[in-house]
Amino acid sequence: MRQTDALVLLSTLAHSSVVASSQSLPRGVGPEFAKFYESKAPTFKCIGNPSIVIKSSQINDNSCDCPDGSDEPGTAACAYIDPLSPEQPLPGSATGTTNTTSALPGFWCANEGHIGSYVPFMYVNDGVCDYDLCCDGSEEFAHVGGVKCENRCKAIGKEYRRIEEERKKSKERSAESRRALLRDSAELRRKVESRISELRQEINNLEVKKVDLQRKFEEVERSERGKVVKDEGQGGKLGVLLSQAKARVKELRDTLDKVLDQRDDLQDRVDKLEDILSKFKEEYNPNFNDEGVKAAVKSWEDYSASNTGAKDDIADADIMKVLEEDGPSSGVNWAEFAEGDGSDADIVYNLEAYLPSFVRDFVHEKLNQARVWMIENGILADNPKTGQESLLVKAAREALDAARNDFSSKTSQLEEQEKDLEKDYGPDDIFRALKGRCISSDVGEYEYELCWIDRTMQKSKKGHGNTNMGNFVRIDREYADEEERVDGKSLGKGERLVLRYDNGQGCWNGPNRRTDVWLACAEKDELWKVSESEKCVYRMEVGTPAACEDLHEPGVRTKDEL
């Protein structure tokens with residue numbers, strides 16, 4: 001069956017109130033043009049040129065009498081002016097071509113049992129049955145070359161209705177999948193908005209908390225700096241001296257302990273050498289005339305003779321006594337010194353202990369303020385050791401640092417959530433529900449993968465690694481002009497969503513890879529086709545419910561509607 005790229009024009013008035021029988025209208029007249037062809041009128045006015053009037057008998061007489069061809073709706077006599085036909089020479093024309101436009105869209109096939117349609121005039125009586133356009137075979141009424149086309153509209157119409165019903169159900173399923181995605185996207189967006197609101201409230205609370213902790217830390221640090229803490233190395237000159245003496249004694253004790261360990265090791269080695277030499281003296285042959293051996297034995301005898309006296313060693317018990325830790329029962333009782341003056345100013349500061357209880361707190365606060373003032377002005381030494389803080393100051397600092405870290409973390413989270421909320425996720429935010437999901441398809445020696453709003457990948461089946469074909473950048477719209485496929489896996493005609501993926505892995509001696517992902521309506525996410533339109537520029541054709549239009553939205557036409 002012959003295929004044509006011509007647009008199939010369906011009559012929008014086929015089921016309207018304008019109904020005419022086949023006997024009342026000339027052959028090939030469509031219902032919307034019935035008003036121009038009155039069956040009892042003796043004359044006919046050319047539709048495009050009403051000033052030209054011909055006899056009604058001249059209609060369909062196989063002679064083109066009207067410049068617009070309206071007098072030949074049922075023949076191919078005026079096919080040369082058919083806009084769907086090649087231009088033909090026009091007799092008497094200076095250019096040899098026609099610039100006339102046909103008033104009729106073509107030969108009307110009623111196609112009862114199916115859908116009526118127009119056939120280009122050049123197909124009328126050409127000896128070919130064009131069942132895809134004229135299933136009733138009426139365009140071959142002259143039986144040119146003995147061709148007689150049977151009426152197949154019943155079977156074709158039945159199959160068409162079956163396919164259309166499947167397409168309708170598929171559209172409904174696709175639309176429902178799209179609505180599910182919209183619900184998911186709306187919920188995800190709501191969660192983001194809720195999280196933003198929570199983070200803002202938490203940040204406000206943390207800001208207040210941070211200021212409060214900063215104030216408390218400064219108060220604690222200021223207060224703790226003025227306390228007289230009786231600890232090693234703190235207080236006045238005696239305290240400093242005690243700290244240094246205690247550290248020195250500890251250092252000497254540790255050194256003595258190491259010397260004892262070395263002594264024991266050396267003694268073990270000496271004992272082993274003496275044992276070896278003793279065996280050598282006992283077992284060597286005195287008759288063997290070796291002056292070196294005799295000299296070694298004589299030296300050993302002299303060494304043994306010199307060590308026969310009593311040893312004046314320090315008792316280990318005495319050494320262990322020295323190594324004992326200082327305390328009330330051994331060594332120096334440092335606590336007795338620490339419990340003394342503690343500091344040159346302790347006597348003054350401890351006077352508050354002898355005050356009546358009703359004035360003690362007031363005096364304590366004033367003395368503490370005075371103590372802090374003297375420390376800050378260099379009159380008194382700061383009590384804590386260098387590089388150390390009291391537990392109270394340390395706890396206050398840690399609480400402040402934790403609040404600062406939490407504030408910084410929440411602020412970063414808020415910025416991330418706000419950026420996500422402003423990001424373009426397509427119509428009605430629908431791709432928010434698909435973000436992170438991936439689909440793939442095997443094409444030749446590669447597996448191609450699309451991850452929504454993320455990246456596109458080319459994976460080698462031979463283990464040569466993966467190639468990044470682009471990272472998501474934005475969503476555009478472009479017009480597609482492709483023929484519909486029977487299985488529906490094509491872009492069709494109309495405006496389509498295009499996802500741009502850019503800045504992928506660089507090609508060898510070429511630019512960075514990028515991918516344009518064209519979307520069409522489908523029941524499920526599916527990667528249909530991958531091609532390389534130019535070097536390192538890829539095109540993916542993908543079906544997804546996200547590209548469908550809701551059938552229940554008023555005034556919306558889908559790409560499959562005729």
Got [X] and [Y] here, is their nearest side-chain heavy-atom distance under 4.5 Å?
| X | Y | result |
| --- | --- | --- |
| Val393 | Phe217 | yes |
| Lys489 | Lys529 | no |
| Arg432 | Val192 | yes |
| Phe431 | Ile475 | yes |
| Leu421 | Arg189 | yes |
| Glu526 | Val542 | no |
| Pro545 | Leu181 | yes |
| Gln458 | Gln505 | no |

Within 6.0 angstrom of Lys210 NZ, more than 12 heavy atoms from elsewhere: yes
Can you tell me if Lys258 has over 12 outside heavy atoms packed within less than 6.0 Å of its NZ? no
Under a 4.0 Å threshold between the charged nitrogen and the carboxylate oxygen, would [Y] count as salt-bridged to [X]?
| X | Y | value |
| --- | --- | --- |
| Asp420 | Lys435 | yes |
| Lys169 | Glu172 | no |
| Glu416 | Lys419 | no |
| Arg215 | Asp212 | yes |
| Asp428 | Arg178 | yes |
| Lys493 | Glu483 | yes |
| Glu418 | Arg200 | yes |

Quick check: does any side chain N or O of [X] sit under 3.5 Å from a backbone N or O of [Y], one acting as donor and the other as acceptor?
| X | Y | answer |
| --- | --- | --- |
| Ser177 | Arg173 | yes |
| Arg496 | Leu491 | yes |
| Asn125 | Ala142 | yes |
| Ser194 | Arg190 | no |
| Asn111 | Leu133 | yes |
| Arg513 | Gly506 | yes |
| Ser102 | Leu104 | yes |
| Glu139 | Val124 | no |
| Thr456 | Thr515 | no |
| Asp130 | Asp132 | no |

May I ask you to check if the distance between the SG atoms of Cys149 and Cys129 is under 2.5 Å? yes
With respect to the side-chain SG atoms, do Cys109 and Cys135 come within less than 2.5 Å? no
Smallest separation among heavy atoms of [X] and [Y], with atom names:
| X | Y | result |
| --- | --- | --- |
| Asp454 | Tyr501 | C-CE2, 3.8 Å |
| Ala520 | Ser490 | CB-O, 3.7 Å |
| Ile196 | Leu414 | CG2-CD1, 3.7 Å |
| Tyr446 | Ser460 | CD2-CA, 3.8 Å |
| Lys535 | Pro511 | O-CG, 4.4 Å |
| Pro105 | Phe33 | CD-CE1, 3.4 Å |

Aromatic plane relationship, Phe107 with Phe141 - under 30° parallel, 30 to 60° tilted, over 60° perpendicular: parallel
Among Glu202, Glu207, Gln201, Glu198, find the one that has a side-chain hydrogen bond (donor to acceptor under 3.5 Å, both in side chains) with Lys410. Glu202
Derivation and outcome, side-chain hydrogen bond (donor to acceptor under 3.5 Å, both in side chains), residues Glu193 and Ser197: CA-CA 6 Å; Glu193 293 172 340; Ser197 179; over 6 Å; no
Residues that Lys423 engages under salt bridge (Lys or Arg N to Asp or Glu O under 4.0 Å), provided they are two or more places apart: none
Sequence neighbours excluded, which residues qualify as salt bridge (Lys or Arg N to Asp or Glu O under 4.0 Å) partners of Arg183? Glu176
Pair Tyr479-Glu495, side-chain hydrogen bond (donor to acceptor under 3.5 Å, both in side chains): steps then yes or no: CA-CA 4 Å; Tyr479 189 85; Glu495 190 177 64; over 6 Å; no
May I have the step-by-step check of side-chain contact (heavy atoms from CB on, under 4.5 Å) for Tyr37 and Ser70, ending in yes or no? CA-CA 10 Å; Tyr37 299 88; Ser70 56; 4.0 Å; yes
side-chain contact (heavy atoms from CB on, under 4.5 Å) between Tyr131 and Glu150: does it pass, once the steps are laid out? CA-CA 9 Å; Tyr131 287 118; Glu150 61 178 314; 3.4 Å; yes
Approximate separation, where rounding is to 0.5 Å, of [X] [atom1] and [Y] [atom2]:
| X | Y | atom1 | atom2 | answer |
| --- | --- | --- | --- | --- |
| Leu499 | Asp476 | CG | CG | 9.0 Å |
| Glu482 | Glu541 | CD | CD | 4.5 Å |
| Glu415 | Leu199 | CD | CG | 11.0 Å |
| Lys459 | Asp442 | NZ | CG | 10.5 Å |
| Glu72 | Cys66 | CD | SG | 8.5 Å |
| Cys438 | Leu450 | SG | CG | 7.5 Å |

side-chain contact (heavy atoms from CB on, under 4.5 Å) between Asn503 and Arg514: does it pass, once the steps are laid out? CA-CA 6 Å; Asn503 299 319; Arg514 66 179 180 88; over 6 Å; no
Verify side-chain contact (heavy atoms from CB on, under 4.5 Å) between Asp126 and Val144, making sure each step is shown before the conclusion. CA-CA 7 Å; Asp126 63 349; Val144 175; over 6 Å; no
